[in-house]
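Worksheet for the structure shown next.
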Amino acid sequence: MCKELASLPACCLERVKELKAKLGSFWQKPNWNLSCCKIEKNKKSNRNSSLSRPTLEECFMWKESFEKLLSSKYGLYAFTAFLVSEFSEENIAFYFACEDYRSTKSSDKLPSKAQKIYDEFIGSDAPREVRINIDHETRDITKANMLAPSPSSFDMAQQKIYMLMAKDCYPRFLRSSTYRDQVHLAKLSSKAAKQPQQEKKV
């Protein structure tokens, strides 16, 4: 198990396992898989990969904007680990499920994919632990969109969740021990990398 998730309480780890089982194929998407197996494999296969550990500059970049945090592979991973610790990982899962849905090239696949997302995250029968927190109007509009699914069917709901994460979760992430730990590790790595160079100059 990866170090970032190993420090979380056992109940959080069990929650990840349950969600992974319930969300099925959604969790297989490489950009937002909560399982750390993929990252651990990348660490072993490519020690120089930027995914193995973020640089200090990258950690500081995460503070510039929520967009920059999500655009960083390791930033996204750290943010997801933080959401897991807060029991709100359904937000990032839904956001990227919508991204994947919007990029669907075959219009024939839209109805089944739309229904799967709706059933998992929005519908009244959606599991409570993965049901996203959106207002009734947004829920009703999204439900109506299910009658004729299009690439924009979840746009309103996705935007609501994005704003929730940007205005609420993101600031808390920047104040969290998850973020502070990443910065600390990056500083240690930076110092360790500089030492051999200084020894060579001497």
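Everything quoted here is computed from the prediction, not taken from an experiment.
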Gap separating the CG atom of Leu185 from the OG1 atom of Thr55, nearest 0.5 angstrom: 12.5 Å

Are any non-hydrogen side-chain atoms of Ile122 and Arg131 less than 4.5 angstrom apart? no

Would you kindly confirm whether Met156 and Tyr101 end up in one hydrophobic cluster when ILVMFWY residues are joined by side chain heavy atoms under 4.5 Å apart? no

CZ (Phe94) and CZ (Phe154) are apart, to the nearest 0.5 Å, by 6.0 Å

Given side chains that start at C-beta, do those of Trp62 and Gln182 come closer than 4.5 Å, heavy atoms only? yes

All side-chain hydrogen bond (donor to acceptor under 3.5 Å, both in side chains) counterparts of Arg172, not counting sequence neighbours: Glu86, Asp168

Atom CG of residue position Asn133 - does it have more than 12 heavy atoms of other residues, nucleotides or ligands inside 6.0 Å? no

Just wondering, do Ile92 and Met165 contact through their side chains at under 4.5 Å, heavy atoms? yes

Can you name the side-chain hydrogen bond (donor to acceptor under 3.5 Å, both in side chains) partners of Ser150, sequence neighbours left out? Ser152

If we ignore hydrogens and angles and just use 3.5 Å, is the side chain of Tyr170 paired with the main-chain N or O of Lys63 as donor and acceptor? yes

Here the gap from Asn91 atom CG to Phe121 atom CZ, rounded to the nearest 0.5 Å, amounts to 9.5 Å

Taking all atoms of both residues into account, what is the closest heavy-atom pair of Val130 and Glu120, and its distance? CG2-O, 3.1 Å

Between Pro111 and Ser107, what is the shortest heavy-atom contact and its length? CD-O, 3.5 Å

Looking at OG of Ser153 and CG of Leu147, how far apart are the two atoms once the value is rounded to the nearest 0.5 Å? 9.5 Å

Set of residues satisfying side-chain contact (heavy atoms from CB on, under 4.5 Å) with respect to Asp125, sequence neighbours excluded: none

Heavy-atom nearest pair, Glu89 first then Leu83, reads OE1-O, 3.4 Å

Would you say the ring centers of Tyr162 and Phe66 fall short of 6.0 Å from each other? yes

Any chain of hydrophobic side-chain contacts (each under 4.5 Å) joining Leu110 to Ile117? yes

Asp119: what forms a side-chain hydrogen bond (donor to acceptor under 3.5 Å, both in side chains) with it, not counting sequence neighbours? Gln115

With Thr104, which residues qualify under side-chain hydrogen bond (donor to acceptor under 3.5 Å, both in side chains), at least two apart? Lys113

Look at the aromatic rings of Phe79 and Phe173 and report parallel, tilted or perpendicular, splitting at 30° and 60°. perpendicular

For Tyr95, does its backbone N or O pair with a side-chain atom of Gln158 as donor and acceptor, under 3.5 Å? yes

Exercise: do Thr142 and Asn145 side chains pair donor with acceptor under 3.5 Å: no

Strictly distance-based, threshold 3.5 Å: is any side-chain N or O of Thr80 a donor or acceptor partner for the main-chain N or O of Leu76? yes

Would you compute the distance between atom CZ of Arg139 and atom OG of Ser124 and round it to the nearest 0.5 angstrom? 9.0 Å

Which pair of heavy atoms, one from Ile134 and one from Ile161, lies closest together, and at what distance? CG2-CD1, 3.9 Å

In the single-linkage hydrophobic clustering (I, L, V, M, F, W, Y; side-chain heavy atoms under 4.5 Å), do Met163 and Ile141 co-cluster? no

Which heavy atom in Ala186 sits nearest to a heavy atom in Pro54, and how many Å separate them? CB-O, 3.6 Å

Taking the six-membered ring for Trp, are Tyr179 and Phe82 ring centroids under 6.0 Å apart? no

Met61: which residues meet the side-chain contact (heavy atoms from CB on, under 4.5 Å) condition with it, sequence neighbours left out? Glu58, Glu64, Lys68, Ser72

How close do Leu56 and Lys187 get, counting heavy atoms only, and between which atoms? CD1-CG, 3.6 Å

